[in-house]
Amino acid sequence: MIVTNLVLTAALAVLGLASALPPKIGTTNIGEGVSGSLGGGRATFKQTRNPRYRFNGARAVYRTYLKYGVPVPEDIIKAVKYTDALHAAQVERDTGSAAAVPIDDVDIAYVTPVTIGTPPQTLQLDFDTGSSDLWVFSSHTPASQVRGQEIYSPNKSSTAKLLEGHTWSITYGDGSASRGNVYVDNFTVGGLSVAQQAVQTAQQVSSSFTSETNIDGLLGLGFSTLNTVSPKSQLTFFDNAKASLDSPVFTVDLKAQAAGTYDFGFIDKAKYTGEITYVPVNTNPGYWTFTSSGYAVGSGSFSSQSITGIADTGTSLVYLPTAIVTAYYRQVSGATNSRNYGGYVFPCSSALPTFTFGVGDARFTIPSSYISYSPIAPGSSTCFGGLQSSSGLGINIWGDVALKAAFVVFNGANPPTIGWAKK
Ligand SMILES: CSc1ccc(CNCCO)cc1
């Protein structure tokens with residue numbers, strides 16, 4: 001039987017009228033179950049949560065009275081006025097969310113788009129919980145040191161202001177370095193804005209930054225005590241934004257060879273499974289330092305021991321005590337700790353066990369594919385490990401290889417804590 005669109009439409013309309021049940025208050029009735037076609041196409045409306053919506057019960061009741069033409073009782077009117085005032089009194093709460101995109105095929109680092117100034121200039125920055133300077137390639141960076149990076153030009157921003165007499169200089173754990181002067185300007189990450197963010201403009205960058213053409217600078221998410229600006233140190237973007245956030249947190253969801261997210265001000269339940277295990281953070285000297293409860297190699301037994309280290313989104317690999325790392329590579333045929341290649345290498349064809357680490361009673365397993373990090377040179381059959389010894393660093397580092405295996409909450413409350421969840 002051929003049912004023309006017209007008849008179908010009429011039928012749907014009659015059905016609609018016939019369903020005396022009103023749509024549930026507070027939801028948008030998109031005609032659940034009403035599919036069918038008007039003009040042949042299909043439409044699906046995905047409902048998304050509005051993180052800024054604040055439910056007001058009194059107002060919902062008020063709307064119901066209006067909807068059914070019933071005079072609104074005085075006490076409901078009073079309740080609406082009272083609750084509206086309460087909501088208005090709440091400081092404007094804010095959130096932000098932005099993508100974390102791997103810059104190459106081994107996830108050596110991740111970049112996130114930010115906008116600076118007026119009109120907005122977009123740069124891709126490496127969000128780094130292991131440092132606390134926000135610095136960018138700029139119009140002050142010598143052309144010989146710029147190789148395709150986007151630059152920030154303060155003289156093209158009507159809202160940029162030079163921070164007179166302030167300079168900065170930073171050297172990272174991997175030996176890379178940069179230095180320069182400081183402006184304040186409007187700064188936005190994923191819809192979250194800070195009006196007067198200190199933006200450190202590079203006048204010099206080391207060769208490793210010049211050759212990292214996909215990184216236009218760093219956004220430090222460590223504690224502001226680590227900031228290198230002198231004579232007056234500056235606050236990180238998170239510290240500046242914290243007071244206006246719904247919740248004083250940011251979360252990190254890094255992915256292997258895919259875009260993840262940095263969220264500010266809220267914890268997205270869709271991004272993790274099970275419970276979040278929170279542990280204390282030692283903010284001295286300014287890293288997100290926490291203590292892991294132990295480790296296991298592959299299907300081996302879990303060794304309960306305290307491993308104190310930093311959660312560092314700006315470091316690619318995991319660096320742990322030599323005893324743990326040798327226990328791991330003992331399970332990898334052909335693995336050696338190579339001076340030539342600067343760490344543990346193994347035949348790319350070797351089978352690698354997984355690596356499990358503990359946070360409290362929770363256990364997080366790093367897939368072996370994350371630890372088979374990359375050939376030591378393009379096409380080589382020798383691979384470099386994603387797990388290396390921290391003996392030369394003096395600090396244990398849970399870098400991207402570990403962070404990719406979890407959903408991590410950096411809780412900037414007082415006292416700060418760090419939360420780990422499976423995903
Ligand atoms: C040359 S690309 C680069 C990216 C991030 C960083 C900061 N963290 C590194 C660990 O010290 C340094 C260099």
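Keep in mind that what you see is a predicted model, and the values were worked out from it rather than measured. When a ligand or atom number is given, it counts from 1 through the structure's own listing order.
Between W398 and F357, the ring planes are tilted. Angles from 30° to 60° get that label.
S157 places a side-chain N or O within donor-acceptor distance of the main-chain N or O of T118, the cut-off being under 3.5 Å. The main-chain N or O of D104 is found under 3.5 Å from a side-chain atom of Q257 such that the two form a donor-acceptor pair.
Every residue two or more places apart in sequence or in another chain was checked for a side chain to side chain donor-acceptor pair (under 3.5 Å) with T354, and none qualifies. For Y373, there are no ring-ring contact (aromatic ring centres under 6.0 Å, His included) partners two or more places apart in sequence or in a different chain.
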Show which side-chain atoms of residues 231-238 pair as donor or acceptor with protein atoms under 3.5 Å away, not counting sequence neighbours.
from, atom 1, to, atom 2, distance (Å)
Q234, NE2, K232, O, 2.8
T236, OG1, D239, N, 3.0

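Residue-level contacts of ligand 1 at the 4.0 Å heavy-atom threshold are D126, D128, Y172, G173, D174, S176, S208, F209, E212, L218, G314, T315.
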